[in-house]
Chemist: 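Sharing a structure with you now.
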Amino acid sequence: MEKLKAVYPGSFDPVTLGHIDLISRSCGVFDEVIVAVADNPRKKALFTKDERVGFIQEATKQMSNVSIKVFETLLVKFASSVGAKVIIKGLRAVSDFDYELQMSFINRRLAGDLETMFMMPSEEYSFVSSTIIKEIAALNGDISSMVPKPVEEALFTRLASLNDGA
Ligand code: PNS
């Protein structure tokens with residue numbers, strides 16, 4: 001039987017435990033989950049694409065049906081190139097919904113045979129986002145319950161080096 005593949009796209013700058021929770025849930029539903037790290041030169045990332053991929057690799061190494069790939073095309077083109085039929089998006093709260101609904105309709109207009117499926121992370125991560133993590137870390141707050149350990153360490157190191165250079 002054909003394998004049911006899903007793509008889970010994002011910037012992952014950096015990956016959070018909310019993302020990892022969703023990847024893990026997706027692994028239980030799909031035969032193969034491809035985490036698609038967007039490389040968008042117009043969006044200034046704190047971590048390089050290789051660093052972002054490395055963090056996800058480390059955090060998902062126990063999950064046998066996960067792979068991680070970088071993409072710089074339209075998401076629908078990438079999904080088709082890897083043979084995925086589904087795009088997974090995380091919904092944390094109603095505030096995510098408007099934007100995600102718009103994206104799902106745009107992606108459907110671009111590729112009608114691709115379905116977007118929304119998944120909810122565990123409620124303990126319902127407020128966690130990469131943006132909030134970076135803000136808390138910049139103000140020296142405790143992010144240990146929100147990101148994998150290597151991300152926590154790298155984030156404080158990166159922010160300190162940026163401050164040194166400032
Ligand atoms: O983690 P993010 O930054 O919310 O992820 C956004 C992402 C990467 C999923 C989105 O920007 C995306 O799909 N980019 C690929 C380009 C694309 O296909 N755009 C079409 C929709 S406008």
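Nothing fancy with the numbering, it's 1 onward along the sequence. Atoms within a ligand are numbered from 1 in the order they appear, just like the ligands themselves.
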Chemist: Counting non-hydrogen protein atoms only, what is the nearest one to atom 15 (C) of ligand 1? Give residue, atom name and distance.
Modeler: Phe71 CE1, 3.6 Å
Chemist: Identify whether the distance between the nearest side-chain nitrogen and carboxylate oxygen of Arg158 and Glu153 falls below 4.0 Å.
Modeler: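 Looking at Arg158 and Glu153, the cut-off is not met.
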Chemist: Tell me, which protein residue and heavy-atom name are nearest atom 19 (N) of ligand 1, and how many Å apart are they?
Modeler: Leu74 CD2, 3.9 Å
Chemist: Is the shortest side-chain heavy-atom distance between Val86 and Val7 below 4.5 Å?
Modeler: no
Chemist: Hey, does Thr116 have a side-chain heavy atom less than 4.5 Å from the side chain of Phe105?
Modeler: no
Chemist: For ligand 1, which atoms have a heavy atom of Met103 less than 4.0 angstrom away?
Modeler: 21 (C), 22 (S)
Chemist: Considering the heavy atoms of Ala38, write down every atom of ligand 1 situated less than 4.0 Å from one of them.
Modeler: 8 (C)
Chemist: Does Asp13 pair with Lys43 as a salt bridge, N-O distance under 4.0 Å?
Modeler: no
Chemist: List the closest protein heavy-atom neighbour of atom 11 (O) of ligand 1: residue, atom name, distance to the nearest 0.1 Å.
Modeler: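 For atom 11 (O) of ligand 1, the nearest protein heavy atom comes out as Tyr99 OH, 4.8 Å.
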Chemist: Quiz question for you: does at least one protein heavy atom lie closer than 4.0 Å to atom 4 (O) of ligand 1?
Modeler: no
Chemist: For His19, is there any backbone N or O sitting under 3.5 Å from a side-chain donor or acceptor partner on Thr16?
Modeler: yes
Chemist: To which protein heavy atom is atom 18 (O) of ligand 1 closest, and what is the distance rounded to 0.1 Å?
Modeler: Leu75 N, 2.7 Å
Chemist: Are Leu75 and Val33 connected, step by step, through hydrophobic side chains (Ile, Leu, Val, Met, Phe, Trp, Tyr) whose heavy atoms are closer than 4.5 Å?
Modeler: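 Result: no, two separate clusters.
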Chemist: Quiz question for you: does at least one protein heavy atom lie closer than 4.0 Å to atom 7 (C) of ligand 1?
Modeler: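 Within 4.0 Å of atom 7 (C) of ligand 1, no protein heavy atoms are found.
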Chemist: Any idea which protein heavy atom is nearest atom 16 (C) of ligand 1, and the distance to it?
Modeler: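 Sorting protein heavy atoms by distance from atom 16 (C) of ligand 1 puts Thr73 O, 3.9 Å first.
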Chemist: Taking 4.0 angstrom as the limit and counting only heavy atoms of Gly10, give me the atoms of ligand 1 inside it, by number and element.
Modeler: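 Matching atoms, with element in brackets: 1 (O), 5 (O).
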Chemist: Tell me if the centroids of the rings in Phe55 and Phe47 come within less than 6.0 Å of each other.
Modeler: yes
Chemist: Considering heavy atoms of the protein only, find what lies nearest to atom 2 (P) of ligand 1 and give residue, atom and distance to 0.1 Å.
Modeler: Ser11 OG, 3.5 Å
Chemist: Tell me whether atom 21 (C) of ligand 1 lies less than 4.0 Å from at least one protein heavy-atom position.
Modeler: yes
Chemist: Report yes or no: does Phe78 have a heavy atom closer than 4.0 Å to ligand 1?
Modeler: no
Chemist: Take Asp39 and Glu72 through the side-chain contact (heavy atoms from CB on, under 4.5 Å) test and state the conclusion after the steps.
Modeler: CA-CA 5 Å; Asp39 181 23; Glu72 45 196 48; 3.3 Å; yes
Chemist: For the residue pair Glu51 and Pro14, establish whether any side-chain heavy-atom pair is separated by less than 4.5 Å.
Modeler: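 Of all side-chain heavy-atom pairs linking Pro14 with Glu51, none is under 4.5 Å.
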Chemist: Taking a cutoff of less than 4.0 Å between a non-hydrogen atom of the residue and any ligand atom, is Lys43 in contact with ligand 1?
Modeler: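 Lys43 counts as a contact of ligand 1 under the 4.0 Å cut-off.
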